[in-house]
Trainee: 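Structure incoming, see below.
The sequence lines fix the lettering, A, B, ..., with proteins before strands; numbering per chain opens at 1. Values reported hereafter were calculated over all heavy atoms of this structure, with side chains retained and with hydrogens, waters and symmetry mates removed.
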Amino acid sequence: MTGLTLKDIRKSYGAVDVIHGINLDIKQGEFVVFVGPSGCGKSTLLRMIAGLEEITGGDMFIDGERVNDVPPSKRGIAMVFQSYALYPHMTVYDNMAFGMRIAKETKEEIDRRVRAAADILQLTKYLDRLPKALSGGQRQRVAIGRAICRDPKVFLFDEPLSNLDAALRVATRIEIAKLNEQMADTTMIYVTHDQVEAMTLADRIVVLSAGHIEQVGPPLELYERPANLFVARFIGSPAMNVIPATITATGPQTTVKLSGGKSVTLDIATNASENGKTASFGVRPEDLQTASGEDFLFEGTVAIVEALGEVTLLYIEGLVEKEPIIAKIPGILPVHRGEKVRFTADKNKLHLFDAGGKSYRV
Amino acid sequence: MTGLTLKDIRKSYGAVDVIHGINLDIKQGEFVVFVGPSGCGKSTLLRMIAGLEEITGGDMFIDGERVNDVPPSKRGIAMVFQSYALYPHMTVYDNMAFGMRIAKETKEEIDRRVRAAADILQLTKYLDRLPKALSGGQRQRVAIGRAICRDPKVFLFDEPLSNLDAALRVATRIEIAKLNEQMADTTMIYVTHDQVEAMTLADRIVVLSAGHIEQVGPPLELYERPANLFVARFIGSPAMNVIPATITATGPQTTVKLSGGKSVTLDIATNASENGKTASFGVRPEDLQTASGEDFLFEGTVAIVEALGEVTLLYIEGLVEKEPIIAKIPGILPVHRGEKVRFTADKNKLHLFDAGGKSYRV
Amino acid sequence: MNPATRSPLTWAVHLSVLLLVALWTLPTAGLLISSLRDKDQLAVSGWWTALSTSTQNIVARAPGADTQVERDGKFVISGDVLEGTSAGEVSAFGFSSQKPTAFKPGETAELNDGEKLTVQADGSFEIVSDTKMEGSRGQRIFFTAAVPPRFTFDNYVEVLSAEGIGASFINSLTVAIPSTIIPILIAAFAAYALAWMPFPGRAILIAVVVGLLVVPLQMSLIPLLKLYNGVGAFFGVPAKTYVGIWLAHTGFGLPLAIYLLRNYMAGLPREIMESARVDGASDFDIFVKIILPLSFPALASFAIFQFLWTWNDLLVAIVFLGAGQDELVLTGRLVNLLGSRGGNWEILTASAFITIVVPLIVFFSLQRYLVRGLLAGSVKGG
Amino acid sequence: ADLKFKPGEDSKFNWASFEEFKKGHDLKGQTLTIFGPWRGEDEALFKSVYAYFVEATGVELKYSSSENYEQQIVIDTQAGSPSDISILPQPGLIGDLASKGYLTPLGDDTQKWLLDNYAAGQSWVDLSTYKGKDGNAALYAFPYKIDVKSLVWYSPENFEDAGYEVPKTMEELKALTEKIAADGQKPWCIGLGSGGATGWPATDWVEDMMLRTQPADVYDKWVKNEIPFNDPAVVGAIDEFGWFAKNDKFVDGGAAAVASSDFRDSPKGLFASPPKCYLHHQASFIPSFFPEGTVIGEDADFFYMPPYDSKKDLGNPVLGAGTLAMITKDTPAARAFIEFLKTPIAHEVWMAQTSFLTPYKSVNVDAYGNPPLKKQGEILLNATTFRFDGSDLMPGKIGAGAFWTGMVDFVGGKSASDVADSVQKAWDAIK
Amino acid sequence: MQQLVFAVGTMVAGVLGCAAYFWGTSFILDLIFPSKGRSGVEASRNLRITNAIRPWLFLAPALFALTIYLIYPVIMSVWFSLHDRAGQNFVGASNYVWMLNDGEFRQSIFNNFLWLLVVPALATFFGLVIAALTDRIWWGNIAKTLIFMPMAISFVGAAVIWKFIYDYRAEGTEQIGLLNAIVVAFGGDPQAWITLPFWNNFFLMAILVWIQTGFAMVILSAALRGIPEETVEAAVIDGANGWQIFFKIMVPQIWGTIAVVWTTITILVLKVFDIVLAMTNGQWQSQVLANLMFDWMFRGGGDFGRGAAIAVVIMVLVIPIMIWNIRNAAKEMKGH
Ligand SMILES: Nc1ncnc2c1ncn2[C@@H]1O[C@H](COP(=O)(O)OP(=O)(O)OP(=O)(O)O)[C@@H](O)[C@H]1O
Ligand SMILES: Nc1ncnc2c1ncn2[C@@H]1O[C@H](COP(=O)(O)OP(=O)(O)OP(=O)(O)O)[C@@H](O)[C@H]1O
Ligand SMILES: [Mg+2]
Ligand SMILES: [Mg+2]
């Protein structure tokens, strides 16, 4: 068994349990992204993999070897930190060479590997600079270069791009994607807050919440078939619109009555036992379309119009208490505040969750 | 003349000119957003309006009164800083009340205004907390509340949301939009890096570059009819694709030969004198559509596919040196790396810029 | 720039700083000026008058009778009262301590024994007598003269040429340099352990260190000396050695050093240490290759304080090193110059300035780190 | 080592004693450490003396001193790291060290030697005998180098100019004081300032007054606190001092200046133009603080602080002080050094320079370096009573503490009896 | 020359010896419990052992020195304070009883409280004001250097310097003390400043304030620079003037640093005796505890019992400050 295996991994700080038993198999070469709300334990989990936090319970295997007690430097991992964590008093070259020097590699080998990494990351001309003379993006590239030099089996990233500005973030994201291709055998684990990063980089996304896994799967699977309400609302931006509903008819298709009063039939099979139960009906803002005829899903008053050029966001009030329903319509829409608009959506892009938040779609 | 007027405003730090003569009229109650690349002088301009930086040259009028030498507190402005700049040793209440206390308002008046502002921003239950016991979004709301309490004629924001995470940013953005509605008479000037904020909040956007104005106009105007290449590439994300081209036919419609070899005809009028000149052809990623027939704009090999669920980003190589052409196609596209794809686009969504970067569209 | 900078009160800021600086430097300036003054004037006029021409009453003594010459049948002793002084012009003179300003220059004073004394404004004088004058001591001449400012390096020459001063200088350096470096080294390791190495009892140890900040030094002298004697006797080495004083200074300086350095190190970003750990560095590597270079500002500021203290110290040096010729430190040597009964102001003033020189050099060379050093600094992202 | 006077060259020195000592002692390879009170010029003078010891024995000699030698000796002995020989000017402190067992008795030989060779030998033996740790009295110290304290300094020419005469009795001195004051001038310069030791010059005044108003045995009892400090005899002596020091008309700067003027600066008033004062009471060392170039005997001179005409029976008492050498670590070299001090040459070398008086009868008085020294020797010789500085004999806490502070308080306005009471209280506290 | 060689030699040896310890022990530890190059269980076991031992290796020299040079003397002092003057016979609490009845001791306590009230407050205040003001002017660094200079002056030097300030000459003669010269210039009567009971305390304190302001300034100026500029700008917009900004916005934000400076100087005040010794030696009712202790310990033969008892009192006085400091340290630990 190659790659990384977590078996019932637990972590507590004193009496506080932070990670409640995580089971996860990561194949060699896979790119796995951890996402989840702030404080859910992403960093903690990553740091346990790195060996920077002690493992309170469970077993961790890298390449089949149990590594619970192996020090970080022996695990064959490399880590890139959100704050770069460059050695401020060393040049870029020395930053990258540090680990190899500690490991007493030969001068030539060090030079070779540093230059190779610098080449990949287009850092060659900055090798003699100190970190403070670099821009944020360059710094992060140095941090990545330092990790590459370690030639790790597992590459760990903890929100590596969140200190960068939008344009840089896009550019560096693409570089990481390329890197992933070049280092095909290297397992990569990536923690992020950013939807786009998660969706674009991941082979599989792990959605964490309060110390346990909500769902694991390829990005599009999570997007199209979220296992529960948490994942549904967490993946996608703006978040999926959720409307309280009551199930009125079951069978291969299910009919629900939305809180606004309208009934909708979905292409989802339910058991008869579910009839009459409360449920949550969900539809993504980008799946909504304006409807002109009578065949509409629901109707509402536009509270805010945000025209972004490429898309227009409509905030619809009067359907759900407090929270507006959001619709994301491509292009520029001639709609104004206060207008009533009707929406429709593709049937198979509708979601239904039971009272516990579990999706009815299998 | 009400509102804010800048007349040939200049700023230099020693020998370095940072702002090179800005002319701008802002009407009372307008919401103006300054955007531009980092270091272009957005903050400097804002701080000159606030009175925090001295004005090197030109005149500034607020409500018709020349304010060059009026101290910040007398200009009737309020400012919200990127770093919140809350007084860390004061409670939320005291933070908001500070300015009024300095101005020796009565206790009742202070209390009334603080509570009113807290009400608007849903801060009432945090009034007794110190800033460090608040989350980022709450802190920024306090900073806004503090500004509201000043009851300003001009409300200044310097990247107020950039320290917040994605979800909070959206929520706070909406609150600012609401605030803008509630304070209809208050002029608001907002500096941001963020496209979405600029597009959604602004009545007018001012695009700055290296200390001068590139274009001023409503968001959609900037999006649809950028005056020059700079604005074209700056507004919209991912940036507009630009392909070098040569003008081969002029008249009410213009034909250009793209660097790839294909000729395209645009609905843009040009003079005969332009014939043969080099130009830049531009098309936004989101305006590209896949084409099945022979009627396509260009064809390329897919280098990277980024499926975000709601949209798919395709990075196309082989058309322009170095930079890939990006296409943003709604939904999930069954395209893979290495495939050849053809693209087409709406004729009137194509852009053409002359060699100096000026748009041929009027 | 700070917006407050532009307030119309800027001039007030300049003025108040000027005032404060003046207040703070005035005493030292007084010392500097005093050290450049003639030692007899030091005790009779304020140092601030040294810069201005002053009117002084001076006593001069005419040459003895053996220098008299016979001129026109009269015996004349002549000379210049201003010789050897820097005084400019005589404005009055006299021959008795009772009336030192009785005569104007050019007037002739009748001395008690029939001799006649004339002093000119330029200081030249003549004592004319009809008879041959006797006595080995010359006549005292009191005069009032305007004395322009006069400065001399004599005091410095005297101090610097004193025997053994060079050796003492080296002794002081021998004491001060290791006494600065050793505690820094020891404290740095300890501070690192206390800041970044988890082990049981860490919090208690930190508390103890803070507590020890306040132990008065004087009361540890005797117990320690006894201990030193015991150890010295046991190993058959002298009790008072350089090693002994280094260790003593180390012991006394450690609490502050650990306190300052730990605070600083605890403020360093944890990620840097972690990435070094991932890179395979041991604690020792991390300390030497990461922490020490990064803590340089804090080390420098502590070095300044410790150096100032050890360099200026006399008590610890005399107790633990002794006051013999080849171990006496500079402060001790200078104090000894004052003589058994003390009080040669001119030596004190000059030597005070000489002792300042080295600390000031140290201060200037490390100053730019000082301000940063005491910040619980952050190296984020850098 | 450089020898100041080449052995054998100047016949006023007793070179024979040197040669003889040289023959009897060889300390090559050994080290002798000496701790003494002399620094600066005095240190150089002492060095010129011990150079002969080094020359004679080949010992390696390390001399050290300290500004706060009283504290230093306590620290060193207490901690067990004293030098071999310690020389101190404070018998009180020596007694304290002896009682704690830090001193080595010098033995009967030395006692006998003192009796035989020092003028008024018994008084020197008494001075040097202390109770040891075991409670038995023994000779612990060797007096070496004496200062005369009962001196009044003046400028003969200023006296001449003003027509004043050197007084022969205390009554005359007081009359002179009043006369000068009546002339509109200030008779005295008195300064008690001495940093941490501020106040001590006044104790000399009081002791001089004690010796001039009371029999010597009362003085001895006072010093041993056998009569209380606030005995009327003592209070009377303090008031006698007060007659001079607490009268604004009698002191330069007025009474307020007395306590704060530095004792080193105050004699300078004698030489000012016009003179700030005409008289200054101070021991024989004070010329070091006269302006540069002052010639003793011509520009400045001294007279014996006179006794009361009304108390002729008290004779001519002289107050003095001096330093005593002790063995604080018993080594052959230390013993040899004490032996060295018994040679005339050890006295003559210093005598031939400045500020050294000795009661050693066998030295050649012609060796005195200058007439004033010789004159001081005469005062010492004419003394009918010689007493050691009382404050130095008292326990350190009193003689170098409460007595000093008391005197400062006294000139500051407190009454003599109040001051005496408080000193006695302090004395009680340390018993 | 020979001495120079010796000096350099000893210095290098001393410093190298110290460095050698750390390097050597670390090396030996790794030699006994190797983890590099070993794999699996053994490596991780060895690593755990070395990780447990290494902090103590790092701490050992410091703990050793602290124990010998500070803890041991503290214990000895307590022991001495219960014994007679020669430290031989047990006398119980009688030294403390004596102390309570001693007028000078009470005087010292009173004076010490004066010092504790005045010196840290003034030094911190001046340091703060100077730090704030010098941050705004182009020659601020020069000004700071000049104000820091007194810290580089030894107490001997400081005593001379202030002698030229406080010196007193009789009325009518030329004053060589600056203070009296000024007083006379304004038509006042000269005063013997350091002999004025009660007030002389303040003249002595001035010296320590003069010296310590530099220290306070350096540290506080660092803290002031750490204040986010935006909060000041926000206050400017809120209409606060210079004073209000300083006292209501800046000072509260560096309160922690102010407290640290304050404590450090307070501790120093409790320990300081050089100034009093050099200027008055406690006369004219200017005695302070540290000097009183020195006096009893060493002057006139020394009384160890009483000296140590006073030392113990000094330490006890410091306990509240200590507790405060320890609390702070603990709080800081939690924040980590
Ligand atoms: N040293 C610690 N002691 C106690 N609790 C801790 C400690 N470190 C982290 N935690 C808690 O563990 C939880 C998980 O923290 P972690 O940093 O892994 O979150 P995260 O998912 O990375 O959040 P973010 O996205 O904000 O980085 C949090 O609730 C945090 O408060
Ligand atoms: N005090 C100063 N002295 C000299 N140059 C300055 C100073 N302050 C700002 N500048 C320069 O002025 C230019 C404009 O700075 P400004 O902060 O306004 O940029 P910005 O557009 O707000 O950038 P960002 O988006 O990064 O906040 C920059 O090039 C900057 O380097
Ligand atoms: Mg995290
Ligand atoms: Mg900015």
Trainee: For the atom pair CH2 (Trp210(E)) and CG (Leu26(C)), what is the distance rounded to the nearest 0.5 Å?
Mentor: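 Separation between the atoms: 10.5 Å.
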Trainee: What part of Pro150(E) lies closer than 4.5 angstrom to a heavy atom of chain C: side chain, backbone, both or neither?
Mentor: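 Side chain only.
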Trainee: Restricting to non-hydrogen atoms, name the atom on Leu224(C) and the atom on Ile68(E) that form the minimum distance, rounded to 0.1 Å.
Mentor: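 Reported closest heavy-atom pair: CD2-O, 3.3 Å.
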Trainee: Output the option from Thr145(E), Ile314(E), Asn241(E) having the highest count of non-hydrogen pairs under 4.5 Å with chain C.
Mentor: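 Ranked by contacts with chain C, first place is Thr145(E).
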Trainee: Looking at Ala13(E), Gly177(E), Ala65(E), Pro55(E), which makes the most heavy-atom pairs under 4.5 Å with chain C?
Mentor: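 Ranked by contacts with chain C, first place is Pro55(E).
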Trainee: List the steps, then state whether side-chain contact (heavy atoms from CB on, under 4.5 Å) holds for Phe22(E) with Val288(C).
Mentor: CA-CA 10 Å; Phe22(E) 287 108; Val288(C) 171; over 6 Å; no
Trainee: So which heavy atom on Arg54(E) is nearest to which on Asp283(C), and how close?
Mentor: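 Looking at all heavy atoms of both residues, the shortest contact is CD-CB, 3.5 Å.
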Trainee: In terms of ring plane angle, is the pair His14(C) and Trp138(E) parallel, tilted or perpendicular, where the classes change at 30° and 60°?
Mentor: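 Because their plane-to-plane angle lies in the 30° to 60° range, the rings of His14(C) and Trp138(E) count as tilted.
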Trainee: Before you tell me yes or no, could you show the steps for Ile147(E) and Val21(C) under side-chain contact (heavy atoms from CB on, under 4.5 Å), namely the whole-Å CA-CA distance, both residues' side-chain angles and the distance that decides it to 0.1 Å?
Mentor: CA-CA 6 Å; Ile147(E) 285 170; Val21(C) 168; 3.9 Å; yes
Trainee: Trp56(E) versus chain C, heavy atoms under 4.5 Å apart: side chain, backbone, both or neither?
Mentor: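 Just its side chain gets close to chain C.
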Trainee: Under 4.5 Å, counting heavy-atom pairs only, tell me which of Trp162(E), Phe80(E), Phe294(E), Tyr72(E) racks up the most with chain C.
Mentor: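 When all of Trp162(E), Phe80(E), Phe294(E), Tyr72(E) are compared, Tyr72(E) has the most.
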Trainee: Around Ile182(E), counting heavy atoms of other residues, nucleotides and ligands shown, do more than 12 lie under 6.0 Å from its CD1?
Mentor: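 More than 12 heavy atoms, drawn from other residues, nucleotides or ligands, come within 6.0 Å of this atom.
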Trainee: Measure the spacing between CG of Leu20(C) and CG of Leu146(E) and express it to the nearest 0.5 Å.
Mentor: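 With rounding to 0.5 Å, CG (Leu20(C)) is 12.0 Å from CG (Leu146(E)).
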Trainee: With a 4.5 angstrom heavy-atom cut-off, is it the side chain or the backbone of Phe169(C) that approaches chain E, or both, or neither?
Mentor: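 For Phe169(C), neither part sits under 4.5 Å from chain E.
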Trainee: Using a cut-off of under 4.5 Å on heavy-atom pairs, state which of Asn180(E), Ile310(E), Ile161(E), Leu63(E) scores highest against chain C.
Mentor: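 Between Asn180(E), Ile310(E), Ile161(E), Leu63(E), the count favours Ile161(E).
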Trainee: Hey, which of Thr266(E), Ile165(E), Thr213(E) has the most heavy atom pairs under 4.5 Å with chain C?
Mentor: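 Winner by heavy-atom pair count: Thr213(E).
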Trainee: Quick check for you: among Ile75(E), Leu178(E), Leu29(E), Leu268(E), which has the greatest number of heavy-atom pairs under 4.5 Å with chain C?
Mentor: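 Of the candidates given, the most pairs with chain C belong to Leu178(E).
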Trainee: Do Leu254(C) and Tyr69(E) come close enough that some side-chain heavy atom pair is under 4.5 Å?
Mentor: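 They are not in side-chain contact.
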Trainee: Hey, what do you get for CZ (Phe199(C)) to CG (Asn51(E)), rounding to the nearest 0.5 Å?
Mentor: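 Rounded to the nearest 0.5 Å, the CZ-CG separation comes out at 12.5 Å.
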Trainee: Out of Pro359(C), Gly30(C), Ser34(C), Ala187(C), which one racks up the most heavy-atom pairs below 4.5 Å with chain E?
Mentor: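 Top option by heavy-atom pairs under 4.5 Å: Ser34(C).
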Trainee: Within this structure, what is the CG-CG distance for the pair Leu212(C) and Leu66(E), rounded to the nearest 0.5 Å?
Mentor: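 Interatomic distance, Leu212(C) CG to Leu66(E) CG, rounded to 0.5 Å: 5.5 Å.
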Trainee: Roughly how far apart are Leu308(C) CG and Ile211(E) CD1, rounded to 0.5 Å?
Mentor: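 It is 11.0 Å, given to the nearest 0.5 Å.
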Trainee: For Ile186(C), is it the side chain, the backbone, both, or neither that has a heavy atom closer than 4.5 Å to a heavy atom of chain E?
Mentor: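 Backbone plus side chain of Ile186(C), per the 4.5 Å heavy-atom cut-off to chain E.
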Trainee: side-chain contact (heavy atoms from CB on, under 4.5 Å) between Phe64(E) and Thr250(C): does it pass, once the steps are laid out?
Mentor: CA-CA 11 Å; Phe64(E) 174 78; Thr250(C) 301; over 6 Å; no
Trainee: Please report the interatomic distance NZ(Lys144(E)) to CH2(Trp24(C)), rounded to the nearest 0.5 Å.
Mentor: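 So the NZ of Lys144(E) and the CH2 of Trp24(C) are separated by 15.0 Å.
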Trainee: Leu59(E) and Ala193(C): which non-hydrogen atoms are nearest, and at how many Å?
Mentor: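 For Leu59(E) and Ala193(C), the tightest heavy-atom pair comes out as CG-CB, 3.8 Å.
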Trainee: What part of Tyr21(E) lies closer than 4.5 angstrom to a heavy atom of chain C: side chain, backbone, both or neither?
Mentor: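 Contact with chain C is absent: no heavy atom of Tyr21(E) under 4.5 Å.
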Trainee: Highest number of heavy-atom pairs under 4.5 Å with chain E: which of Val362(C), Leu227(C), Thr355(C)?
Mentor: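 Ranked by contacts with chain E, first place is Leu227(C).
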Trainee: With a 4.5 angstrom heavy-atom cut-off, is it the side chain or the backbone of Ala19(E) that approaches chain C, or both, or neither?
Mentor: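 Both backbone and side chain of Ala19(E) come within 4.5 Å of chain C.
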Trainee: Indicate the ring-plane relationship of Phe284(C) and Phe58(E), choosing parallel, tilted or perpendicular according to the 30° and 60° boundaries.
Mentor: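 Correct class here is perpendicular.
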Trainee: Between Ser220(C), Pro183(C), Pro200(C), Ala257(C), which has the largest tally of heavy atom pairs under 4.5 Å with chain E?
Mentor: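 Looking at each of Ser220(C), Pro183(C), Pro200(C), Ala257(C) in turn, Ser220(C) comes out on top.
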Trainee: Could you check which of Ser179(C), Pro255(C), Ala188(C), Ala248(C) has the highest count of heavy-atom pairs closer than 4.5 Å to chain E?
Mentor: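 The candidate making the most pairs under 4.5 Å is Ala248(C).
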Trainee: Tell me, side chain or backbone of Ala143(E) under 4.5 Å from chain C's heavy atoms, or both, or neither?
Mentor: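 Contact with chain C is through both the backbone and side chain of Ala143(E).
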Trainee: What closest approach, in Å, do Ile258(C) and Ala62(E) show between heavy atoms, and which atom pair accounts for it?
Mentor: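 Answer, listing the atom of Ile258(C) first, then Ala62(E): CD1-CB, 4.0 Å.
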Trainee: Can you name the one residue among Ile130(E), Val129(E), Leu133(E) that meets side chain to side chain contact (heavy atoms under 4.5 Å, CB included) with Ser16(C)?
Mentor: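 Going through Ile130(E), Val129(E), Leu133(E) one by one, the side chain to side chain contact (heavy atoms under 4.5 Å, CB included) with Ser16(C) is satisfied by Leu133(E) alone.
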Trainee: Tell me, out of Val175(C), Thr25(C), Thr331(C), who's got the most heavy-atom pairs with chain E below 4.5 Å.
Mentor: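 If we count pairs closer than 4.5 Å to chain E, Thr25(C) comes out on top.
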Trainee: Output the option from Phe307(C), Trp246(C), Trp309(C) having the highest count of non-hydrogen pairs under 4.5 Å with chain E.
Mentor: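 With the most close heavy-atom pairs to chain E, the winner is Trp246(C).
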Trainee: Could you go through the ring pair (Phe, Tyr, Trp, His ring centres under 6.0 Å) check for Phe215(E) and Phe305(C) one step at a time?
Mentor: CA-CA 9 Å; Phe215(E) 170 78; Phe305(C) 289 128; 5.3 Å; yes
